[in-house]
Chemist: 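Quick one: the structure is below, questions incoming.
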Amino acid sequence: MTGSLTRGLAQGLARVTGTALGPYQTAVLRIGLSFTWVCFLLREWPHRYELYGPGSPWGWDLARRLTDDNHAFTALMWSDSPVWFEAVYLVALVSAALLLLGWHTRAMAVLSMTGVLALQNRSILVGDGGDNVIHLMALYLVLVRCGQVWSLDARRAARRARAGTTTPEPGGVLLWAGCGAALAAAQLVTDTRLAWTEHGPLPGLGWATVLWGLWLVHALWWLVCRYAPGEPRTVLDSLANLAHNATLLVITAEVCLIYATAGWYKIQGSRWQDGTAVYYPMHIDYFAPWPGLSHALVGSGVLVMLMSYGTVISQTAFPFTLLNRRAKNVLLVVMMAEHAGIAVLLGLPFFSLAMIVADAVFLPTSFLLRLGALAGRARDRLRPARPAAVPAPREEPALDGSLVGGGGPAT
C-alpha cells in the first residue's frame, strides 16, 4: 500500500512538473480575454476621457485620494498629463492585441496586466462583473504558459525546431530592454509610489518587487536558453510548469467560486425563491436593448419561473458537476447559452463574453481540437490560393556529354 502511494505521488509530481496541463484551454483563455478587452477598449475609444481620463467625473485628485487609501496599482496615477493617459491607453490596447496573437506572450501578458489594472483601478465606479473577471484573469495569465499553442510564439518555435536552432531571437532582448528602461524611467521621473515590501498583490510583496522580479525572470530565462540549454533549462521548465499548473487550478477554483457564491446569494433572495426575479431587470429601460423581445419573454409566467429557477440551479450545481464529465459538459452548454441570453436581452455583451471565456477553461480538449481544425479550414478557404510551383525541367545528357535543360548558370 505504501509503495503504491509512493509511486502515485511520484507520478503525480512528475506530471505537474514535466507538463503544462491544459495548453488549449489556457490558449482559449488568452485569446478570449484579450479579444474581449480589445473590443471593449475600441468600443469605448470615443469615451475614454470620460471613463478613465482627464474628463472623468471621478477626477484625478479623487482617484489619487482613493488609491492612497486602498493602495491599488494604476499607472495612470503616475502623472496627470493627457499625453501620459493616451500612452497608457494605447499600451493597454496594443499589448492586449499582441497577447491575443501570442507574440512574445510572457512580456505581453505583463504589459496587458499593467494596462488592465491601470484603467480599471483608475475609475472603479464604471466597472461590472465582467471587468472583475478580466481583472483577475489578467493577473493569472502572467503565470500560465498560455502561448504553447495557437500563437505566433508556437509557430516561431516550430519553425526554429525544424531549422535545428535553439538560439533565442534578438527581438525578445530588445523588448526586454525597452520594458526595463521604461520601468526605470517611470520610477525615476514620475511619482510611482511603488513599494518593495508592501501594498502589492500579496502580503509582504510590493509592486516594485513584482515588476522588477518579472523583468529579472525574463532575463534569467533568456540567459539559460542561450548559454545553458541543458539541465538548468530543464529546472526552469519544471518550475514554470509547476507555476502554470498551480495557477490553472486557481483559475478553475475561481470560476467555481464565482458561480457558487452567485447561486447561493440568489437563494437567499425572496424574488428568486418565488421564481419572479428574471421579470424585473427586463423591465428596466437601461437593460433593455430589445424591449419588444424582453417584454414578450416575460409575458409568460411559466417561462419567467423556469428561467429564474434554472439560473439558480445551474449556478449552484456547476461546481458539483465537475465530478461527472458528461454532466459538466451539458451544464457548460447551459451556462454559455445563459450568458449569451444576458448579452442579447440585457445588453451586457462584455460581461457575457468574459464569463463564456472563463467557462471555456472546462471545455474538453477533443472539442477544442475540432474547433481549431474548423478554424484552420475556414482560414485556408479565406486565404488566396498560392500558384502551384512549376517543376524545373529534367536535366538530360546531350550528345557531347554535357547537361541540357538544367537551368543553371552559363559557363
Side-chain angles (χ1 to χ4, degrees), residues 22 24-25 27-29 31-33 35-37 39-40 128-134 137 251-252 254-267 269 271-272 275-284 287-372 374-375 378:
Y24 293 95
Q25 286 78 3
V28 169
L29 188 66
I31 295 170
L33 289 175
F35 177 77
T36 305
W37 185 235
C39 290
F40 175 80
D128 57 20
D131 293 293
N132 294 335
V133 173
I134 294 174
M137 296 305 168
I251 291 173
T252 57
E254 189 79 47
V255 176
C256 291
L257 184 62
I258 290 173
Y259 283 125
T261 53
W264 285 106
Y265 270 112
K266 286 182 176 66
I267 288 176
R271 295 292 178 264
W272 291 100
T276 61
V278 173
Y279 175 85
Y280 299 98
M282 291 193 182
H283 281 80
I284 301 176
F287 294 106
W290 310 98
L293 179 60
S294 299
H295 294 167
L297 287 175
V298 297
S300 170
V302 175
L303 188 58
V304 169
M305 182 188 66
L306 291 176
M307 288 191 294
S308 299
Y309 287 155
T311 299
V312 175
I313 293 172
S314 60
Q315 290 182 348
T316 54
F318 180 76
F320 302 101
T321 60
L322 299 181
L323 301 175
N324 185 283
R325 180 176 299 180
R326 292 183 178 178
K328 180 260 296 182
N329 292 338
V330 171
L331 198 57
L332 271 179
V333 175
V334 173
M335 301 295 289
M336 290 182 176
E338 175 187 329
H339 288 303
I342 292 174
V344 174
L345 297 175
L346 299 182
L348 297 172
F350 298 111
F351 163 76
S352 299
L353 187 55
M355 289 307 304
I356 289 174
V357 172
D359 293 342
V361 175
F362 298 97
L363 288 174
T365 301
S366 57
F367 172 79
L368 294 177
L369 289 174
R370 289 195 295 269
L371 189 63
L374 289 174

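Both backbone and side-chain heavy atoms feed into the values below; hydrogens, waters and symmetry mates do not.
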Chemist: Can you name the nearest heavy-atom pair linking Phe318 to Cys256, along with the distance?
Modeler: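 Taking every non-hydrogen atom into account, CE2-SG, 4.3 Å.
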Chemist: Are Leu331 and Ser314 packed together at the side-chain level, in the sense that at least one heavy-atom pair is separated by less than 4.5 angstrom?
Modeler: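 Yes, close enough: below the 4.5 Å cut-off.
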Chemist: Side-chain contact, heavy-atom cut-off 4.5 Å: Phe287 with Leu345?
Modeler: no
Chemist: How would you list all residue pairs meeting side-chain hydrogen bond (donor to acceptor under 3.5 Å, both in side chains) that involve residues 257-267, not counting sequence neighbours?
Modeler: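 Pairs touching residues 257-267 that pass the test: Tyr259-His339, Tyr259-Asp359, Lys266-Gln315.
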Chemist: What's the separation between atom CG in Leu348 and atom CE in Met355, rounded to the nearest 0.5 Å?
Modeler: 12.5 Å
Chemist: Going from CZ on Arg271 to OH on Tyr280, what distance comes out if it is rounded to the nearest 0.5 angstrom?
Modeler: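 Answer for the CZ-OH pair, Arg271 versus Tyr280, is 4.5 Å.
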Chemist: Measure the spacing between OG1 of Thr36 and CZ of Phe351 and express it to the nearest 0.5 Å.
Modeler: 12.0 Å
Chemist: Going by heavy atoms in the side chains, are Phe35 and Leu353 under 4.5 Å from each other?
Modeler: yes
Chemist: If you apply the rule side chain to side chain contact (heavy atoms under 4.5 Å, CB included), what do you find for Tyr24 with Leu363, and how did you get there?
Modeler: CA-CA 9 Å; Tyr24 293 95; Leu363 288 174; over 6 Å; no
Chemist: How many angstroms lie between atom OH of Tyr279 and atom CG of Leu297, to the nearest 0.5 angstrom?
Modeler: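 With rounding to 0.5 Å, OH (Tyr279) is 13.0 Å from CG (Leu297).
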Chemist: Show the nearest heavy-atom pair for residues Leu29 and Ala358, with the distance to one decimal.
Modeler: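 Smallest interatomic distance, heavy atoms only, reads CD1-CA, 4.5 Å.
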Chemist: Working to the nearest 0.5 angstrom, can you tell me the gap between Leu322 CG and Leu332 CG?
Modeler: 8.0 Å
Chemist: Do Ile258 and Val133 have side chains that approach each other closer than 4.5 Å (heavy atoms only, starting at C-beta)?
Modeler: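 Ile258 vs Val133: side chains touch.
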Chemist: When you look at His283 and His295, which way does the side chain to side chain contact (heavy atoms under 4.5 Å, CB included) test go after all the steps?
Modeler: CA-CA 7 Å; His283 281 80; His295 294 167; 4.1 Å; yes
Chemist: So, for Ala343 and Pro349, which heavy atoms are closest and what is the spacing to 0.1 Å?
Modeler: CB-CA, 3.9 Å
Chemist: For the CG atom of Asn132 and the CE atom of Met137, what is their distance to the nearest 0.5 Å?
Modeler: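 Here the interatomic distance stands at 11.0 Å.
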Chemist: Report yes if some heavy atom in the side chain of Phe350 is under 4.5 Å from a heavy atom in the side chain of Asp128; otherwise report no.
Modeler: no
Chemist: Aromatic rings Phe40 and Trp37: how do their planes relate, parallel, tilted or perpendicular, breaks at 30° and 60°?
Modeler: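 The arrangement is parallel - the two ring planes meet at less than 30°.
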Chemist: Any side-chain to backbone donor/acceptor pair from Asn329 onto Arg326? Under 3.5 Å, distance only.
Modeler: no
Chemist: Give me the atom names and distance for the closest heavy-atom approach of Leu346 to Pro289.
Modeler: C-CD, 3.8 Å
Chemist: How close do Gln25 and Pro364 get, counting heavy atoms only, and between which atoms?
Modeler: NE2-C, 4.0 Å
Chemist: Is there side-chain contact between Val361 and Val255, with heavy atoms separated by less than 4.5 Å?
Modeler: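 Result no, sub-4.5 Å side-chain heavy-atom pair not found.
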Chemist: Is there a donor-acceptor pair under 3.5 Å between the side chain of Ser308 and the backbone N or O of Val278?
Modeler: yes
Chemist: Taking all non-hydrogen atoms of both residues into account, name the closest pair between Gly130 and Ala354 and its distance.
Modeler: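 Here Gly130 and Ala354 meet closest at O-CB, 4.0 Å.
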